[in-house]
Amino acid sequence: MANIHEARRTAAMGTAVALAVAVLAACGGDGTASEKTDRGGKGSASTDAGGPVKSSPSGGPSPDGKASGEPTGSTTDPQQSADAYDFTPDPEKVPENAAQARKLTRNASLAPADWTPGMVKHDPYETAGTWPVLADSCVWSRAGLPQHVLDSYIRRIDVPAKDGKGRVRGSVTVTIHRTAEDADREMKDTVQESFRCPGQDLGGGQRLDGLMSMHLDQKDIKNADATLFEAGKYTGGGSGGTQEYVWTKSRIGPVTTAVSVKGARGYETTDLIRLAAEAGAKLLYRVETELK
């Protein structure tokens, strides 16, 4: 029975990852997504799949399918997608101290209306200058910034309860490392945390269970050097029982961005993935703008 349960979890994770890849790719490039509103007034982010593909600031695909700036008839590495992410931060724009890092994290972060109209500040709204630590007991706590991190900044933003649906809790995080290698190590360590602790205590009566994480294939990533996706179950005060949970983290050079979305009554996993992908794309676009 345990093997069957694990197989079902893995299959569910595979489906969620496939959807995340599709949504993340659609939300890539300029970090925008069209907003559609149903007759009930509930906003939902969706991408316009009907229009032509436009080139992105990162050298994304042009309407003829060629990567931006690629000469006609040029040859490309068959191991690399024609529109693979190719961006090098301007060394002059990369933060070298805490003050420069704090400026970038604030500029790149999202306010509620930046994420999706109708979202609101959570209380507490901001956390800055601390670092999450996952103990051997799988309980999270916060400590001072490690040496390899110049700044880390969190904003908590919610979708308020409305029309019979519960309150969705979201957060966006921007972290500046001293080097790209430090940021890459954080990405790799993050995946290992879900294997070490598939159940995690967030504190304040909040808990995650059944966590599974994986790196997305580089050929599927259009707006970052690397991206990972995590999904599981969330319970906590006011959650209305066990809900879905999704989390994504990406890296551009020495900067990592993360988006978490804790579900609520009336929301499907697909709703949460779209919310996370939209915020993630906007964060990455802002980070790239700050670094170019």
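Atom set for the values below is all heavy atoms of this structure, side chains included, hydrogens, waters and symmetry mates excluded. Counting from 1, the numbers follow the sequence of the chain as shown. Being a predicted model, the structure only gives us computed values, none of them experimental.
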Q) In Å and rounded to the nearest 0.5 Å, what is the CG to SG distance from D136 to C197? A) 7.5 Å
**Q.** Whether R155 side chain and S171 backbone form a donor-acceptor pair below 3.5 Å
**A.** no
Q: With salt bridge (Lys or Arg N to Asp or Glu O under 4.0 Å) as the test, would you mind laying out the steps for K282 and E278 before giving the verdict?
A: CA-CA 6 Å; K282 290 176 178 178; E278 181 180 2; 3.0 Å; yes
**Q.** Charged N-O contact under 4.0 Å between K121 and D123
**A.** no
**Q.** From OG1 (T227) to CG (L216), nearest 0.5 Å
**A.** 6.0 Å
Q: Kindly indicate whether the side chain of M212, heavy atoms from C-beta on, has any atom under 4.5 Å from the side chain of P198.
A: no
Q.
Give me the atom names and distance for the closest heavy-atom approach of V94 to P254.
A. CG1-CG, 3.8 Å
**Q.** Lys/Arg N to Asp/Glu carboxylate O, D90 vs K292, below 4.0 Å
**A.** no
(Q) Using side-chain heavy atoms (C-beta onward) and a distance below 4.5 Å, is Y245 in contact with S260? (A) yes
Q. Where do L275 and W115 come nearest, in terms of heavy atoms and distance?
A. O-NE1, 3.0 Å
Q) Taking D271 for the side chain and E268 for the main chain, is one N or O donor matched with an acceptor at less than 3.5 Å? A) yes
**Q.** side-chain contact (heavy atoms from CB on, under 4.5 Å) between T127 and R156, worked out
**A.** CA-CA 9 Å; T127 297; R156 299 174 184 85; 2.8 Å; yes
Q) Going only through I, L, V, M, F, W and Y residues with side-chain contacts under 4.5 Å, is there a path from I157 to Y267? A) yes
(Q) Just verifying a value: how many Å separate N223 CG and Y285 OH, rounded to the nearest 0.5 Å? (A) 12.5 Å
(Q) Less than 4.0 angstrom from a charged side-chain N to a carboxylate O is my criterion; do E290 and K93 meet it? (A) no
Q. Where do S250 and A224 come nearest, in terms of heavy atoms and distance?
A. CB-CB, 4.0 Å
Q) Heavy-atom distance under 4.5 Å between the side chains of V174 and S152, does that happen here? A) no
Q. How close do Q147 and R178 get, heavy atom to heavy atom, and via which atoms?
A. O-NE, 2.5 Å
(Q) Using modelled atom types and a 3.5 Å cut-off, is there a donor and acceptor pairing between side-chain atoms of S239 and backbone atoms of T235? (A) no
Q. Under 30°, 30 to 60°, or over 60°: which ring-plane class applies to H177 and W131, parallel, tilted or perpendicular?
A. perpendicular
Q) Any sub-3.5 Å donor-acceptor pair from N97's side-chain atoms to Q100's backbone N or O? A) yes
Q) Taking T175 for the side chain and V149 for the main chain, is one N or O donor matched with an acceptor at less than 3.5 Å? A) no
Q: List for me each residue that meets side-chain hydrogen bond (donor to acceptor under 3.5 Å, both in side chains) alongside R196, sequence neighbours excluded, and say none if there are none.
A: none
Q: Kindly indicate whether the side chain of W140, heavy atoms from C-beta on, has any atom under 4.5 Å from the side chain of L208.
A: no
Q: List the steps, then state whether side-chain contact (heavy atoms from CB on, under 4.5 Å) holds for L211 with F195.
A: CA-CA 8 Å; L211 292 175; F195 287 102; over 6 Å; no
**Q.** Salt bridge present between R185 and D189 (N-O < 4.0 angstrom)
**A.** no
Q.
If hydrophobic clusters are built by linking Ile, Leu, Val, Met, Phe, Trp and Tyr wherever their side-chain heavy atoms come under 4.5 Å apart, do I252 and L110 end up in the same one?
A. yes
Q: Could you walk me through whether L228 and T248 pass side-chain contact (heavy atoms from CB on, under 4.5 Å), step by step?
A: CA-CA 6 Å; L228 62 86; T248 182; over 6 Å; no
Q. So if you build clusters from Ile, Leu, Val, Met, Phe, Trp, Tyr with side-chain heavy-atom gaps below 4.5 Å, do I176 and I154 land together?
A. no
Q. Between CZ of R274 and OG1 of T270, what distance do you get to the nearest 0.5 Å?
A. 5.0 Å
Q) Between CG of L284 and NZ of K222, what distance do you get to the nearest 0.5 Å? A) 14.5 Å
Q: Give a yes or no answer on whether the side chain of Q206 reaches the backbone of L202 with a donor-acceptor pair at less than 3.5 Å.
A: no
Q: Output yes when R286 and D114 qualify as a salt bridge under the 4.0 Å nitrogen-oxygen rule, no when they do not.
A: yes
Q. Minimum heavy-atom separation for R142 to P132, with atom names?
A. NH2-CD, 3.6 Å
Q: Using a 4.5 Å cut-off on heavy atoms from C-beta on, say whether the side chain of K249 contacts that of E186.
A: yes
Q) If we ignore angles and hydrogens, is there a donor and acceptor under 3.5 Å between the side chains of E244 and Y234? A) no
Q: Inspect the contact between R251 and D225 and indicate whether a charged nitrogen and a carboxylate oxygen are less than 4.0 angstrom apart.
A: yes
Q | Nearest-0.5 Å distance that lies between atom CG in D158 and atom CZ in R167 | A | 4.0 Å
Q: May I ask whether Y153 and V172 are part of the same hydrophobic cluster, defined by side-chain heavy atoms of I, L, V, M, F, W, Y residues being less than 4.5 angstrom apart, directly or through others?
A: no
(Q) Is there a continuous path of hydrophobic side-chain contacts, each under 4.5 Å between heavy atoms, that joins M187 to V191? (A) yes
Q: Keeping the roles fixed (side chain from T105, backbone from R102), state whether a donor-acceptor pair exists under 3.5 Å.
A: yes
Q: Heavy atoms only: give me the nearest L291-P95 pair and the separation to one decimal.
A: CD2-CD, 4.4 Å
